[in-house]
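Reading through the structure tokens given below for one structure.
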2 protein chains.
Amino acid sequence: MTRILVVDDDPQILRALRINLRARSYDVDVAPDGAAALRSVVDHPCDLVVLDLGLPDMDGVEVIHGLRGWTDVPIIVLSGRASGEDKVAALDAGADDYVTKPFGVDELLARIRAVTRRLSSGAEGSPVVTIGEHVVDLANREVRSPDSTEVRLTPTEWQLLEILLRNPGKLISQRYLLQQVWGPSYWSETNYLRQYMAQLRHKLEAEPSRPRHLVTEPGMGYRFRP
Amino acid sequence: MTRILVVDDDPQILRALRINLRARSYDVDVAPDGAAALRSVVDHPCDLVVLDLGLPDMDGVEVIHGLRGWTDVPIIVLSGRASGEDKVAALDAGADDYVTKPFGVDELLARIRAVTRRLSSGAEGSPVVTIGEHVVDLANREVRSPDSTEVRLTPTEWQLLEILLRNPGKLISQRYLLQQVWGPSYWSETNYLRQYMAQLRHKLEAEPSRPRHLVTEPGMGYRFRP
DNA sequence: CGGCGTCGTCAAGACGGCGTCAAAATCCCA
DNA sequence: TGGGATTTTGACGCCGTCTTGACGACGCCG
């Protein structure tokens, strides 16, 4: 569960945000001013701070500094001031995002998702696609197999596989594959596709003659079935 | 050096951003449409993408999806449309930030700093890397070997090795290596790479003819395997 | 039931990339 | 200015990949 601290001196906004965030099943803390905010984060760690800059007791940028001194918790700033200087000051102080009032609740929620998404996925490796027993890492151009036998793909095989894997479940026409991999003038050389799909299946499928993930749609094209 | 890809179909904006970013000593790539952007990121890894949503060839959200399918590179979206739905769509597709035109350059730069700050703070590893029997200290430019035989690397060898070691396990394309070490116009001089990879292997690998850590991915590039 | 097209499979030759060696050109410091 | 280290350039052989052709199996349709 993601815990969010909302800092704002306007009870109305505080209430609205709390209701909206709770409805999205976030844990919500609230603080009416900067001092309370700093105290709250100290003895109640949270995953994200939504911070209004217009606080009664201290300047918002000071609050950011106070937090950044010892924690990397993401900070989304709310502000009525739309001037460039204010934004630059807040962002350079350590804020992760800056939203100008009046703002749509949907936008704020989307920005919250954007920040927390990167937070949770930060420690993990690059995105991978599992295909049967093999794990394909498109970014690193690497295939890991369960029995640690090395699987190596040639450049042409990677190109072909990448197109299919980036459109999971979708039917890709032969013409499109040929033109993407070999060039616009090769749209009719279907024998290339037969050749390389066979190679990919031999390297990735458990039973190459009975493909379960790299399937043929006769007369139309090929499809990657996750 | 942080490398930024700017995607926009307006030459004016492209030019302005390139000049401004270069002045802040960023490396800048540019792409005029979505297809060029996707291609650029594939064979030219970058640290941040600044993406205009109004592209001539494809919808901006599709570009985001195309990137997020295999990479976590941060994406800052520029857009003329200020509607909440557009923002939500782009952010939920995987964008990290959304800036509405017209925007101040200072604000964009601050947002770039905010995104890259979080990026670089997490990725810093220890400056020493062990490669087989040798211990490489990138910060001090020093190689320690077990039998105390001195290993000296030339400046060019250091540059090449540093790029590979800073991306452990990751495939680095020949184009990228050549452009980083020798300059943008040397992207096709693969004989340099062959020459210097051979030298590095002779100095660092136990069996230079059977490399275990500085491996070749035929037709694609090289990889440092820890 | 028979013809036709598509797909999977195999094999062999062409081609290009890679490692290697060698030597010329250049740089750098004494 | 000289000499050693470093970089640049050229050439060659090997090996893996790509290309190309051919053949049989299968399903579809008349």
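Residue numbering restarts at 1 for every chain, and letters A, B, ... go by the order of the sequence lines.
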> Could you give the CG-to-P distance, from Leu200(A) to dT9(C), as a whole number of Å?
Replying inline: 13 Å
> For Arg201(B), which contact category applies under a 4.0 Å heavy-atom criterion: base, sugar-phosphate, or nothing?
Replying inline: sugar-phosphate
> Nearest nucleotide by nearest heavy atom, which residue falls closer to the 5' end of DNA chain D, Trp182(A) or Arg194(A)?
Replying inline: Trp182(A)
>> Distance check needed: dG17(C) C1' versus Leu178(B) CG, whole Å only.
In response: 14 Å
>> With a 4.0 Å cutoff (strictly under), does any side-chain N or O of Thr216(A) reach OP1 or OP2 of dG8(C)?
In response: yes
> Between dT20(C) and Gln199(B), is there an OP1 or OP2 to side-chain N/O distance shorter than 4.0 Å?
Replying inline: no
> So what does Glu157(A) hit on the nucleic acid, given a heavy-atom distance under 4.0 Å: a base, only sugar-phosphate, or nothing?
Replying inline: nothing
>> So if I apply the side chain to side chain contact (heavy atoms under 4.5 Å, CB included) rule between Asp8(B) and each of Asp52(B), Leu55(B), Leu53(B), which one comes out positive?
In response: Asp52(B)
> Do Arg117(B) side-chain atoms and Leu91(A) backbone N/O form a donor-acceptor pair below 3.5 Å?
Replying inline: yes
> At under 4.0 Å between heavy atoms, what does Ser209(B) touch on the DNA or RNA strands: base, sugar-phosphate, or nothing?
Replying inline: sugar-phosphate
> Does Gln195(B) put a side-chain nitrogen or oxygen below 4.0 Å from OP1 or OP2 of dA22(C)?
Replying inline: no
>> Without decimals, in angstroms, what is the distance between His202(B) NE2 and dA22(C) C1'?
In response: 14 Å
> Hey, what do you get for CD1 (Ile172(B)) to CZ (Arg223(B)), rounding to the nearest 0.5 Å?
Replying inline: 9.0 Å
>> When you compare the side chain of Asp97(A) with that of Val77(A), does any pair of heavy atoms fall below 4.5 Å?
In response: no
> Whole-Å distance between dG19(C) P and Arg210(B) CZ?
Replying inline: 14 Å
> Between Leu214(B) (CG) and dC18(C) (P), how many Å, whole number?
Replying inline: 15 Å
> Using a heavy-atom cut-off of 4.0 Å to chain B, what are the terminal contacting nucleotides of DNA chain D, in 5' to 3' order?
Replying inline: dT6(D) to dA11(D)
> Within the side chain of Arg225(B), is there an N or O that forms a donor-acceptor pair under 3.5 Å with the backbone of Leu214(B)?
Replying inline: no
> Between dG17(C) atom P and Glu217(B) atom CD, what is the distance in whole Å?
Replying inline: 17 Å
>> When you measure from the side chain of Thr71(B) to the backbone of Arg68(B), do you find a donor-acceptor pair of N or O atoms at a distance under 3.5 Å?
In response: no
>> What is the distance, to the nearest angstrom, from the NZ atom on Lys203(A) to the P atom on dT9(C)?
In response: 15 Å
> With a 6.0 Å cut-off on ring centres, are Tyr196(B) and Trp182(B) close enough?
Replying inline: yes
>> Nearest whole Å is fine: how far is dC7(C) C1' from Leu193(A) CG?
In response: 11 Å
> Is dG30(D) paired to anything, Watson-Crick or G-U wobble with both distances less than 3.5 Å, and if yes, which nucleotide?
Replying inline: dC1(C)
> Base, sugar-phosphate alone, or nothing: which one does Tyr186(A) contact when heavy atoms must sit under 4.0 Å apart?
Replying inline: nothing
